[in-house]
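To start, the structure under review is shown below, and the notes come after it.
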Amino acid sequence: MATSTAWLYVINAASLQILRKSHNGITIAATQPGNYIVTLPFRVQGLAAVGSIANSIGVITVIPGESGGLARNQVKVLTLTLANQLSGGYDFSLAIFYQPRWSLWPIPWRRSL
């Protein structure tokens, strides 16, 4: 099955901004400093993601939506200090690998999304 890639670069200085992104409509929301939800503007069959901290030493954790209690087209991103505390001051990059969900290609052995 084909795999596609979406990516974004987030600046997190005075306000949260997506500086660059692969697709129009990708959004990010902060639930609290250091805890973010990235939403893809299309339906996906499944996804995996990797992230990196851009401007400091810290830790980034990326959780696919269905593993984190979110929708399948969402990713939870946590940015943490080395002391394991959420921190909202980190810029980060995110790459999301996904399988597009084609509504014209029904897959009878998979459950409906």
Side-chain angles (χ1 to χ4, degrees):
M1 184 162 273
T3 301
S4 298
T5 305
W7 54 265
L8 62 149
Y9 180 68
V10 176
I11 297 291
N12 197 6
S15 65
L16 187 63
Q17 300 175 6
I18 298 176
L19 188 61
R20 291 184 291 274
K21 59 186 171 182
S22 61
H23 297 78
N24 288 330
I26 293 176
T27 61
I28 187 167
T31 58
Q32 65 183 28
N35 189 346
Y36 311 100
I37 297 174
V38 174
T39 303
L40 298 174
F42 40 81
R43 293 169 51 171
V44 297
Q45 191 72 9
L47 61 82
V50 294
S52 66
I53 299 283
N55 63 336
S56 189
I57 297 172
V59 178
I60 187 166
T61 301
V62 182
I63 306 162
E66 54 188 11
S67 296
L70 302 172
R72 287 185 176 195
N73 67 326
Q74 294 180 314
V75 176
K76 181 182 282 192
V77 178
L78 304 173
T79 55
L80 304 121
T81 65
L82 293 179
N84 207 30
Q85 300 295 316
L86 286 173
S87 177
Y90 295 138
D91 299 347
F92 61 90
S93 298
L94 185 65
I96 303 168
F97 306 96
Y98 63 92
Q99 294 177 346
R101 178 151 191 275
W102 306 101
S103 59
L104 299 177
W105 296 356
I107 303 172
W109 61 88
R110 297 207 182 213
R111 61 186 166 95
S112 174
L113 295 179

* Heavy-atom count around Ile57 CD1 within 6.0 Å, excluding the residue itself: above 12? ->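 No.
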[Y] reachable from [X] in the ILVMFWY side-chain graph, under 4.5 Å edges:
X	Y	value
Ile53	Val50	no
Ile18	Leu16	yes
Ile60	Ile96	yes
Phe42	Trp7	no
Ile28	Phe97	no

* Asked: With no hydrogens and no angle check, is any side-chain donor or acceptor of Tyr36 less than 3.5 Å from a backbone partner on Gly34?
  ->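 Looks like yes, one N/O pair under 3.5 Å.
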* Distance-only, no hydrogens or angles: does the Asp91 side chain make a donor-acceptor pair with backbone N or O of Asn12 under 3.5 Å? ->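 Present.
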Close side-chain approach of [X] and [Y], heavy atoms under 4.5 Å:
X	Y	result
Ile26	Thr39	no
Leu86	Leu78	yes
Val75	Pro64	no
Thr79	Phe92	yes
Val10	Leu94	no

Drop me the distance from [X]'s [atom1] to [Y]'s [atom2], to the nearest 0.5 angstrom.
X	Y	atom1	atom2	answer
Asn35	Thr61	CG	OG1	10.5 Å
Thr81	Tyr90	OG1	OH	5.5 Å
Tyr9	Ser52	OH	OG	8.5 Å
Ser87	Leu80	OG	CG	8.5 Å
His23	Thr5	NE2	OG1	8.5 Å

* Asked: What is the minimum heavy-atom distance between Ala6 and Leu40, and which atoms define it?
  ->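 In this case the closest contact between Ala6 and Leu40 is CB-CD2, 3.9 Å.
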